[in-house]
Amino acid sequence: KGRINAKPVEFLAAMKAMKKAGFIIQGDEYARPKIPEDLPAEVQEWHRRKTVYFIQELPANDVFFSPALVPLLKKGFQAAAPLYRFLANI
């Protein structure tokens, strides 16, 4: 969380890419988190989490059973890449 607080602009840009691609943050939350109030809401959301993962809900349709699934997955991984790189350097 220290790097997130130290580089909030970089972190928020990575989070924006995830949200733009349709991913939402999930995970267990602390019962009484201690979050600095001056942090942006997106950063506060991260601080509330004990565990973190992202999900993207898509309708179960014919895409899942066709070659069209490959570009869909590729797009999701590309959207996740900036956040992955950011977190890999923590």
Side-chain angles (χ1 to χ4, degrees):
K1 295 178 186 172
R3 183 159 191 261
I4 294 170
N5 293 347
K7 296 188 174 194
V9 173
E10 185 180 341
F11 174 74
L12 291 174
M15 289 293 294
K16 184 178 179 181
M18 291 290 287
K19 287 185 178 187
K20 185 177 178 183
F23 288 93
I24 56 172
I25 188 171
Q26 294 286 302
D28 296 330
E29 294 186 13
Y30 290 105
R32 285 171 264 161
K34 295 178 177 110
I35 305 169
E37 294 179 16
D38 61 337
L39 295 175
E42 294 88 354
V43 176
Q44 288 185 18
E45 175 72 18
W46 192 266
H47 278 269
R48 277 195 285 280
R49 304 288 173 178
K50 285 191 245 182
T51 60
V52 176
Y53 58 91
F54 291 87
I55 64 167
Q56 181 185 43
E57 293 186 31
L58 301 170
N61 56 28
D62 293 340
V63 171
F64 285 94
F65 307 103
S66 73
L69 180 61
V70 174
L72 187 64
L73 292 173
K74 182 178 178 182
K75 182 180 174 185
F77 279 105
Q78 287 172 332
L83 184 61
Y84 175 81
R85 284 188 209 104
F86 181 87
L87 295 174
N89 291 316
I90 289 182

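Distance CD/Glu45 to CD1/Ile35: 8.5 Å, rounded to 0.5 Å. Atoms CE and NZ, from Met18 and Lys20 in turn, are 14.0 Å apart once rounded to the nearest 0.5 Å.
Within the 4.5 Å cutoff, no side-chain heavy atoms of Lys19 are placed close to those of Phe54. Between Pro33 and Arg48 the shortest side-chain heavy-atom distance falls below 4.5 Å.
For Pro36, the side-chain contact (heavy atoms from CB on, under 4.5 Å) criterion is met by Asp38, Leu39, not counting sequence neighbours. Phe11 meets the ring pair (Phe, Tyr, Trp, His ring centres under 6.0 Å) test with Trp46, Phe86; sequence neighbours excluded.
The hydrophobic clustering, which links ILVMFWY residues whose side-chain heavy atoms are closer than 4.5 Å, places Tyr53 and Ile24 together. Hydrophobic clustering (side-chain heavy atoms under 4.5 Å, transitive across Ile, Leu, Val, Met, Phe, Trp, Tyr) groups Leu12 together with Leu87.
Judged by distance alone, the side chain of Thr51 and the main-chain N or O of Gly27 form no donor-acceptor pair under 3.5 Å.
The neighbour count for Asp62 CG, taken as heavy atoms of other residues, nucleotides or ligands under 6.0 Å away, does not exceed 12.
Nearest heavy atoms, Ile25 versus Arg49: O-NH2, 4.0 Å. Nearest heavy-atom pair, Phe23 versus Ala79, reported as atom, atom and distance to 0.1 Å: CE1-CB, 4.5 Å.
The hydrophobic cluster containing Leu72 also includes Leu58, Val63, Phe64, Phe65, Leu69, Leu73, under a criterion of side-chain heavy atoms closer than 4.5 Å among ILVMFWY residues, counted directly or through chains of members.
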